[in-house]
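Here is the structure we will look at, set down as structure tokens.
By convention in this document, chain letters (A, B, ...) are assigned in the order of the sequence lines, proteins followed by strands, and residues within each chain are numbered from 1.
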Amino acid sequence: MTRVFVPIDAGALSVGAELVARAIATEAARRGVTVELIRTGSRGLYWLEPLVEVATSTGRIGYGPVAADAVPSLFDAGFLTGAPHATRIGQPEGLDYLARQERLTFSRVGLIDPRSIADYRATGGFRGLERALEMDPGAIVETVVESGLRGRGGAAFPTGIKWRTVLGTTSDRKFVVCNADEGDSGTFADRMLMEGDPLVLIEGMTIAGLAVGARHGVIYLRSEYPHAARTLRAAIAAAREAGYLGASVAGSGRAFDVEIRMGAGAYICGEETAMLESIEGRRGQVRFKPPLPAVAGLFGQPTVVNNVLSLATVPIILERGAAFHRDYGMGRSRGTLAIQLAGNIRRGGLIEKAFGLTVREVLEEFGGGSLSGRPIRTVQIGGPLGAYLPESQFDLPLDYEAFAAVGAMVGHGGIVAFDESVDMAAMARWAMEFCAIESCGKCTPCRIGSVRGVEVIDRMVAARARGDDDGVEAQARLLRDLCETMVSGSLCALGGMAPYPVRSALDHFPEDFGLPAATTSRAG
Amino acid sequence: MSNHDWRPAVDRALELHRHQPGPLLLVLQAVQEATGFIPPEAVPVIANDLNLSRAEVHGVVSFYHDFRTTPPGRHRVAICRAEACQAVGADRLVGVVKDRLGVESHGTSGDGAVTVDPVYCLGNCALSPAVMIDGHLHGRVSPERFGLMLDAIRGNAP
Ligand SMILES: Cc1cc2nc3c(=O)[nH]c(=O)nc-3n(C[C@H](O)[C@H](O)[C@H](O)COP(=O)(O)O)c2cc1C
Ligand code: SF4
Ligand code: FES
């Protein structure tokens, strides 16, 4: 019986994968051929979705993008044996886009049935956990420290160091909280992982629990991700059933279990302390630090808070050793970065690769230029609080320190491309507006400053329309002062970094605001 | 909604979640799941049961974008307004909504068929612009296709 793989990833579904799966089942029945239809995550080659794969004697052969009404023609062509067809792409691994990647965290995503314990085990699943069960908690923590893993949620804090703090506390009710709020525009790696290989996240959380002495795991999942919720629930149930979660993890006598808490639409709840407030059932307002969540987090107890990808990278570190992970990367950015390429780009998708690739390599060699065919004028990296980079900065390597040096951030790894039709005054205004919409309200510079920011930019645009150059200059000075106040006077990075996209727009694209063009750099 | 309609949903939500730590968000989510919104009359009932002040419950309801205090239309449309969708013309989708339904990016059409809300990223940024209709995600949505999709759901009985 031929095995046919069709993604259930939300992105693939968004362009018709469900209809394609049904059409394959219908067509196979009509022709009296038996196929085993396996639903997988996505390979992250989104411009090829729906991407259908067939297991053949020469490996898996891909066809994409496949429209449901093209399915009969696939059968006619003989796709079940990997025969030629207009949509045939050969082995996906043979595409440059995938061949050039280093998939550590995403090694199984798109390949296996995400809810199948058998598939997971057959592809090396739970080996990290088995290793961890033979180790002292302290040894697990030190392995993660030595691996050089830094938090993938944005702040890039060393994961092992955080765990060390929690291990050093005494409480019989510690927590491991997984931050699955993934609010940044341009990011979808957490979603892809939860929909494509949720068991690796569950395994990572379990190892974290063993390491710090926690028995309770909580996944805080944004409500915009109903597909991920369904897959995660199914995977948690399967893991319980197979004895990997519960009173005795893999028969070890040590307990760990995971529950899901859904968010309710609030960007700020991605900030770890606001998230803890939300899990406790309150408004998602940011807490003052100290105390750190590692000391007094969820319900006042010592808590590990980590991003989905940080936790999902732990199993391979335990399985292969700290050095294996540390050997990837550059400088102090060790391991791989899940780059998410999005926006106005021809080949958007997931690129997992050792730190150090340049922005230009990502945009040109992977992305293939803009979707519109016009020159890429700017990219925003690291979500709505990330700076806009002009073309003159496209040779920056993706490395936490290199980005910080120019006032930019890698963040969660999202890259959003814009072509030359973008209006940077409008994007700056949007950064302020978003901050105003999502502010938790705790501090004035963020809550009020962002509203003022929108007004100032509106006045700038109006002054420009009148041809009032002095008015534009005056508002620009006001805007820069306002940015300064927000940066220095905000409690968290929402108010503290919303000025970054604004300032970078002013610095690199002043002509969009009616200011004299920059002398140093002009993109396009 | 009359008292008679929402009361069982609130009672069930409280029954299910009142013993969990930090139950308020869970209760509100369960109520909204069952009734489509949080009836203002339910706030004192929930507050009383969980030993919270009305202000606390109201504060949580108003803080999160997901909660609504009026009944939604029969169909729910969420349009992504975030950067990756803006980069490929999401603004034009808002124009379509205005044309077809006569509502801005936030509101319910006069016939009660469709409620439109803005959303800030649906995690489909590599296939933007993205919209979600009744829990189904759609990518690479052109204004023309979006118009047809809106016509289709309006034509459908609930
Ligand atoms: C406004 C704001 C939003 C954030 N959103 C997220 C998010 O969606 N996901 C995430 O993992 N971290 C987010 N963070 C970072 C978290 O506060 C925290 O650093 C992270 O969850 C720690 O996990 P890590 O060390 O594994 O990255 C956000 C921070 C801020 C200030
Ligand atoms: S900066 Fe904004 S979001 Fe952050 S704590 Fe202050 S008010 Fe809240
Ligand atoms: S920005 Fe619209 S789906 Fe992410």
Side-chain angles (χ1 to χ4, degrees), chain A residues 10-11 13-15 44 46-47 49 182-188 190-192 222-228 261-267 269 278-285 299 340-345 348-350 371-372 380 383-384 414 416-419 422 426-427 430 434 437-438 440, chain B residues 17-18 20-30 32-33 38 50 52 55-68 78 80-91 117-141:
Chain A
L13 296 177
S14 84
V15 286
Y46 279 108
W47 74 99
E49 293 290 1
E182 195 164 63
D184 291 355
S185 168
T187 67
F188 45 83
D190 294 352
R191 179 187 63 67
M192 264 185 72
R222 66 198 301 254
S223 60
E224 293 84 352
Y225 284 1
H227 304 82
R261 289 294 188 103
M262 296 303 287
Y267 178 75
C269 288
S278 183
I279 299 172
E280 292 180 20
R282 286 190 289 272
R283 299 154 59 95
Q285 275 200 320
F299 301 111
Q340 298 130 83
L341 187 51
N344 198 328
I345 195 84
L350 179 92
L371 183 67
S372 63
Q380 186 180 34
V416 178
F418 295 81
D419 75 6
V422 66
M427 297 320 294
W430 168 250
F434 184 71
I437 294 169
E438 298 297 337
C440 85
Chain B
H17 296 295
R18 74 162 65 89
Q20 281 174 270
L24 179 55
L25 201 57
L26 292 167
V27 168
L28 293 173
Q29 286 169 328
Q32 179 147 311
E33 173 91 23
I38 310 289
L50 299 180
L52 300 168
E56 277 171 282
V57 177
H58 177 75
V60 171
V61 172
S62 59
F63 184 85
Y64 295 95
H65 298 314
D66 282 1
F67 293 127
R68 40 186 319 119
C80 179
R81 306 298 314 275
E83 288 88 341
C85 286
Q86 292 184 28
V88 284
D91 283 356
D117 292 301
V119 58
Y120 308 106
C121 194
L122 290 162
N124 202 24
C125 331
L127 289 169
S128 53
V131 304
M132 197 177 262
I133 301 182
D134 294 330
H136 294 283
L137 185 61
H138 301 273
R140 286 279 188 262
V141 180

Picking from [options], which has the most non-hydrogen pairs under 4.5 angstrom with chain B?
| options | value |
| --- | --- |
| Ser185(A), Gly348(A), Gly11(A) | Ser185(A) |
| Gly183(A), Gly44(A), Ala342(A) | Ala342(A) |
| Met192(A), His227(A), Arg261(A), Gln340(A) | Arg261(A) |
| Cys440(A), Ala426(A), Gly414(A) | Cys440(A) |
| Ala266(A), Pro226(A), Gly281(A) | Gly281(A) |

For [X], which atoms come within 4.5 Å of any heavy atom of chain B: side chain, backbone, both, or neither?
| X | result |
| --- | --- |
| Phe434(A) | side chain |
| Pro384(A) | both |
| Ile279(A) | backbone |
| Ala228(A) | neither |
| Leu13(A) | backbone |
| Cys269(A) | side chain |
| Ser278(A) | both |

Less than 4.5 Å to any heavy atom of chain A: does that hold for the side chain of Val60(B), its backbone, both, or neither? both
Proximity breakdown for Gln29(B) and chain A, heavy-atom pairs closer than 4.5 Å: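 The answer is the side chain of Gln29(B).
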Leading residue by heavy atom contact count with chain A [cutoff under 4.5 Å; candidates Leu127(B), Leu50(B), Val88(B)]: Leu127(B)
Do you know which of Pro129(B), Ala82(B), Pro21(B) has the most heavy-atom pairs under 4.5 Å to chain A? Pro21(B)
Under the side-chain hydrogen bond (donor to acceptor under 3.5 Å, both in side chains) test, which residues partner Trp47(A), sequence neighbours left out?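 Trp47(A) satisfies side-chain hydrogen bond (donor to acceptor under 3.5 Å, both in side chains) with no residue once adjacent residues are dropped.
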So, for Leu25(B) and Ala264(A), which heavy atoms are closest and what is the spacing to 0.1 Å? CD1-CB, 4.4 Å
Out of Arg68(B), Arg81(B), His65(B), which one pairs with Asp117(B) under the side-chain contact (heavy atoms from CB on, under 4.5 Å) rule?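 That would be Arg68(B); it is the only one of Arg68(B), Arg81(B), His65(B) passing the side-chain contact (heavy atoms from CB on, under 4.5 Å) with Asp117(B).
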CG/Asn124(B) to OH/Tyr225(A) distance, rounded to the nearest 0.5 angstrom? 9.0 Å
Atom OG in Ser128(B), atom CZ in Arg140(B): separation rounded to 0.5 Å? 6.0 Å
Under the side-chain contact (heavy atoms from CB on, under 4.5 Å) rule, what do Asp184(A) and Tyr267(A) come out as? Steps first, then yes or no, please. CA-CA 8 Å; Asp184(A) 291 355; Tyr267(A) 178 75; 2.7 Å; yes
Tell me whether [X] contacts the main-chain N or O of [Y] through its side chain, where contact means a donor paired with an acceptor under 3.5 Å.
| X | Y | answer |
| --- | --- | --- |
| Glu182(A) | Arg191(A) | yes |
| Glu224(A) | Leu122(B) | no |
| Asn344(A) | Leu371(A) | yes |
| Gln380(A) | Gly383(A) | yes |

